[in-house]
Amino acid sequence: MKLIFATKNKGKLKEVKNLFAGFDLEILSLNDLPDAPEIIEDGKTFEENSLIKSRTIFNKYGIPVIADDSGLSVEQLNGAPGVYSARYAGKNATYKENNEKLLRELSSFPPPHKAKFVCCASYVDSNTEIIAFGELHGEIITEFRGENGFGFDPIFVPEDYDKTLAELFLEEKNRISHRAKAMNNLRTELLKRRILRYKI
Ligand code: IMP
């Protein structure tokens, strides 16, 4: 079975290929589709944005699609930056600018700055739509630590860890991440509905 993962992000693609290894699947990404349409992520929730991605790509190619949408939600900021995580400090903001804005916003609040990463994974084909969630709880710290990962990783320490996500090896992050959990939940549902089958 052919499946499109609606992303251009090579890191995410690697993660998802790994999770779906052992299944009867050929996974393509938007990098394999030169005429891929632009996706306007104007939803108000992770679920809406995830479905916008999977529906847009399914409507164009007619091949089953998986997509994800994710972000950071900080308790003292009433859930911000949420769906605006990628563009928190402006449209083309760098990860560093987004992190600095977050620390500025948090500077008037006492620690701990409790936060969670959220991911909504979705699957769309001609007669099915499935959504699945994953979360990673932790706290925002006020110094940058570590070189790995991306986004808010250098200032996010997961619960029960003393390292930031950017100080963990990729394999370790991928074991606990919101994205891995959401994709695992999606995989379980796809197996239950017999959409996904093991390779024989
Ligand atoms: P998207 O799901 O690719 O649209 O990601 C949205 C934004 O959320 C990213 O640009 C990051 O700022 C943030 N984000 C999502 N997942 C992670 C993560 O695993 N680590 C750090 N930042 C993340």
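Start at 1 and go down the list; that is how both ligands and their atoms are numbered.
- Within 4.0 Å of ligand 1, protein heavy atoms belong to Lys12, Asp69, Ser70, Gly71, Ser85, Ala86, Tyr95, Phe117, Phe150, Gly151, Phe152, Asp153, Lys173, His178, Arg179, listed by chain and number.
- Annotation for Lys60: atom NZ counts as buried by contact number, over 12 foreign heavy atoms lying within 6.0 Å.
- Side-chain heavy-atom separations under 4.5 angstrom define the hydrophobic clusters, and the remaining members of the one that includes Tyr123 are Met1, Leu3, Phe5, Leu13, Val16, Leu19, Phe20, Phe23, Leu25, Ile27, Ile66, Ile130, Met183, Leu186, Leu190, Leu191, Ile195, Leu196, Tyr198.
- Using modelled atom types, one finds a donor on one side chain and an acceptor on the other under 3.5 Å when comparing Asp35 with Tyr61.
- For Ser70 against Phe46, the heavy-atom pair with the smallest separation is C-CE2, 3.4 Å.
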Let me have the donor-acceptor pairs involving side chains of residues 109-117, under 3.5 Å, with sequence neighbours excluded, atom names and distances please.
unit_1	atom_1	unit_2	atom_2	d
His113	ND1	Gln76	OE1	2.6
Lys116	NZ	Glu135	OE2	3.2

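- Among residues at least two apart or in separate chains, salt bridge (Lys or Arg N to Asp or Glu O under 4.0 Å) pairs with a member in residues 4-14 are Lys12-Asp68.
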